[in-house]
Amino acid sequence: MTVRVRFAPSPTGYLHLGAARAALFNYLYARKTGGRFLLRIEDTDLARSTEESTRSILDGLQWLELGHDEEIVFQSENAEKHRATAKRLLEEGKAYRDFTQKAAPSDLNVKDQIRERARQNQGEKNMRDNEYRDLSKQESDDRAAAGEPFAIRLKVGTASDSDRVSLKTSFTDAVYGLQERAYAETEDLVLLRSDGHPLYNLAVVCDDIEMQITHVIRGQDHLTNTHKQILIYEALGVTPPTFAHLPLILAPNKGKLSKRKHGEVVSLTTYRDAGFLAAAFRNFLALLGWSTGEEKEIYSLEELIEKFSLDGVHRSNAVFNFTENDPRKWTDDKAQWMNAEYIRTMPLDELLPFVKAELKSAKLWREEYDPEGRALTSTVPSTRAADFQTDDEERPENLAFDIPEIGSHDWYVRTVDLIRQRFFTLKDFSSQGRAYFSEDYDFDPAAIDKNLTKFPDLRVWLPELADRFETEFGDVEAAADSPRVSSPHVSKGSSRKPFTELNIETVVKAFTEEKATKLGVIMNGARTLLTGVAVGPSMLSVFETLGVERTVMRLRSRVAWN
RNA sequence: GUCCGGUUCGUCUAGGGGUUAGGACACCGCCCUUUCACGGCGGCAACACGGGUUCAAAUCCCGUACCGGAUACCA
């Protein structure tokens with residue numbers, strides 16, 4: 001029998017992290033077993049369900065790339081079938097009409113109400129004391145015919161079962177093991193409200209049967225519901241599916257992770273919008289409450305599928321760690337680390353489309369960055385000074401041919417590769433990395449303070465360095481020709497040196513010695529002026545990447561000083 | 001209240017009778033260095049508690065504590 005699993009969220013809000021993880025586990029299990037992953041929107045609570053929420057859930061699943069295999073089922077559309085099932089159970093004597101008046105709403109919130117009622121009962125409550133439970137069929141029919149409102153309740157542990165050895169429901173959970181619950185602990189649950197509205201447990205069972213679900217993988221908060229559902233399966237004469245309950249994801253205080261209390265951190269789309277890579281977040285989510293047992297953290301989707309097993313799911317809840325008032329720790333450290341890890345180490349050509357999308361949305365994208373009929377990633381030989389440190393003798397004399405044209409596809413690819421080393425999210429490409437793609441970038445006040453204001457001499461030195469660069473590397477004619485996309489760093493027919501790391505290094509070092517200052521002072525001052533921030537790759541790479549024109553222009557700029 | 005589940009570094013976790021209790025993140029230190037949130041090396045840090053069983057318990061059993069879930073004419 002092929003495995004059929006489903007993710008069944010109720011559209012009463014955004015896609016919660018815990019729900020997203022449940023979806024992931026269902027998906028992984030389906031893929032692992034060659035089964036089908038289905039989606040069912042449990043929108044029977046009309047008052048709370050919204051279309052917007054459904055869309056947000058679908059968005060989230062799409063972002064995580066958890067594609068479902070068949071048409072989405074909307075539970076509300078099956079209400080008629082649910083009612084029919086309840087009626088059938090009524091006919092068969094497995095359920096009964098309860099004519100008790102619906103309880104009036106109280107001021108207490110629902111949870112407190114429930115607890116309060118339970119406390120008053122002091123555990124003395126007999127779950128079978130409903131006066132309508134054994135009403136004669138005749139009287140029940142008559143009262144119904146007379147228009148008296150009633151709910152339909154399941155008869156739990158009826159007389160026909162009395163020959164059983166033990167009056168309990170039991171099932172073996174794939175995660176939590178053998179679960180047993182005495183009938184005495186389970187109330188005669190309502191299947192159909194007095195207004196004819198089918199209730200959750202009935203709807204779930206009917207739909208799972210109809211969708212031929214073989215494995216129900218869901219949050220541990222449904223563990224006790226399972227007993228009720230099994231009762232319904234039994235009444236219906238259907239073999240229940242296998243159940244696998246997942247541990248919950250808790251807030252740092254070990255309480256429930258909720259939007260009310262914790263806000264956006266709980267919503268999956270927050271991570272999409274914050275520049276997380278779906279692959280990274282999926283990886284992180286997979287490791288909350290499940291592990292392979294290996295000492296390994298980074299798993300591709302394919303690996304997750306290959307390794308996934310319900311045996312590896314934990315029984316204890318996991319804490320999703322974050323600190324509310326600390327911007328650096330707004331979400332789980334490990335999630336942030338994992339995202340950074342993906343950005344820094346994933347194959348460049350897989351990252352590129354995401355960077356493109358980010359730059360586009362920040363209006364920093366230029367069509368020239370797209371490859372022009374070339375292979376997506378061309379291998380560009382390194383010109384980085386660091387790569388030649390071992391053997392000075394072999395430093396190439398002229399690397400001009402290796403330097404991609406500023407603003408070209410090759411330049412773009414190389415730049416992304418250069419700057420991604422210190423980035424955490426895709427957003428960084430348009431914020432921290434903005435200066436690489438635009439003249440319109442901001443200056444971090446802290447960087448200005450630390451690297452410029454402290455050294456007033458730089459006011460003079462930096463423009464002077466610009467002059468030096470211009471005489472050593474500049475190409476006035478070419479600059480005039482194309483002000484935006486400059487030509488390579490070698491001027492035609494001139495003997496000027498190419499603007500490469502090695503050459504730049506020589507010039508800057510000489511300049512530093514002249515000024516009798518430290519290299520760091522010049523470099524960091526230049527970094528701040530050129531990129532607006534205090535952190536980044538090697539300054540020599542930055543110079544080269546920006547090109548001589550932009551370097552000269554920015555070194556002369558006074559914007560940051562005021 | 002009752003029922004069910006859980007408890008290994010701050011967090012995610014490995015380990016399921018004999019381990020110097022392992023890894024990752026975070027944190028701290030050192031190194032590299034022109035900066036840094038890159039990289040390298042290192043450090044801090046845990047078996048909830050009490051009883052058993054056993055030659056031997058983080059591991060098995062019982063109890064306690066604490067945490068979580070459920071308990072609805074919500075889903």
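Chain identifiers are assigned alphabetically (A, B, ...) following the order of the sequence lines, protein sequences preceding nucleic acid strands; residue numbering begins at 1 within each chain.
For A:F511, the ring-ring contact (aromatic ring centres under 6.0 Å, His included) test picks out no residue, with sequence neighbours left out.
Among pairs with a residue in residues 196-209 of chain A, those fulfilling side chain to side chain donor-acceptor pair (under 3.5 Å) read A:R6-A:D208, A:R40-A:D208, A:Q75-A:D207, A:N78-A:D207, A:H82-A:D207, A:Y200-A:H222, A:N201-A:Q229, at least two apart in sequence or across chains. For residues 43-55 of chain A, the side chain to side chain donor-acceptor pair (under 3.5 Å) pairs, not counting sequence neighbours, are A:D43-A:S76, A:D45-A:R48. For residues 447-456 of chain A, the set of pairs meeting the side chain to side chain donor-acceptor pair (under 3.5 Å) definition, not counting sequence neighbours, comprises A:N451-A:T528.
The gap from the P atom of B:C28 to that of B:A72 amounts to 49 Å, rounded to the nearest Å. For the P atom pair drawn from B:C38 and B:G1, the interatomic distance equals 49 Å after rounding to whole Å. Here the separation of B:U59 from B:U19, taken at their P atoms, is 13 Å to the nearest Å. Taking atom P in both B:G10 and B:A46, the straight-line distance is 7 Å, to the nearest Å. Comparing B:A75 with B:U71, their C1' atoms sit 15 Å apart, to the nearest whole Å.
One atom, CD of A:E185, and another, P of B:G69, lie 19 Å apart when rounded to the nearest Å. Rounded to an integer number of Å, the gap from CG of A:L246 to P of B:G69 is 16 Å. Atom-to-atom, CZ of A:R6 to C1' of B:A75 comes out at 12 Å; the value is rounded to the nearest Å. For the pair A:H16 NE2 and B:A75 P, the interatomic distance rounds to 19 Å; values are reported in whole Å. Look at CG on A:N201: it is 12 Å from C1' on B:U71, rounded to the nearest Å.
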Chi angles and distances behind the side-chain contact (heavy atoms from CB on, under 4.5 Å) call for A:F150, A:S140: CA-CA 10 Å; A:F150 60 87; A:S140 178; over 6 Å; no

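A:W290 and A:F308 have their aromatic ring centers within a separation under 6.0 angstrom. Remark: aromatic rings of A:F499 and A:F469 are close, center separation under 6.0 Å. The aromatic ring centroids of A:F423 and A:F429 lie less than 6.0 Å from each other. A:W330 has its ring centre less than 6.0 Å from the ring centre of A:Y271.
On a pure distance criterion of 3.5 Å, a polar donor-acceptor pair joins the side chain of A:N225 and the base of B:A75. Checked by distance alone, A:R48 brings a side-chain donor or acceptor within 3.5 Å of a matching partner on the base of B:C74.
OP1 or OP2 of B:A75 has at least one side-chain nitrogen or oxygen of A:H197 nearer than 4.0 Å. Residue A:R193 has a polar side-chain atom (N or O) positioned under 4.0 Å from OP1 or OP2 of B:C74. For the OP1/OP2 pair of B:C3 and a distance below 4.0 Å, the side-chain nitrogens and oxygens of A:T224 include no atom meeting the criterion.
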Summary of protein contacts for nucleotides 27-50 of chain B, nucleotide by nucleotide, where a base hit scores B, a sugar-phosphate-only hit scores S (4.0 Å, heavy atoms): S------BBBBB------------

Letter per nucleotide, 5' to 3', of nucleotides 6-22 of chain B [B base touched, S only sugar-phosphate touched, - untouched; heavy atoms, 4.0 Å]: SS---SBSS-------B

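At the heavy-atom level, A:T100 lies under 4.0 Å from base atoms of the strands shown. Across all strands shown, A:K256 has heavy atoms under 4.0 Å from sugar-phosphate atoms exclusively, and none from any base.
A cation-pi geometry, defined here as NZ or CZ lying under 6.0 Å from the six-membered ring centre and within 45° of its normal, holds between A:R21 and A:F25.
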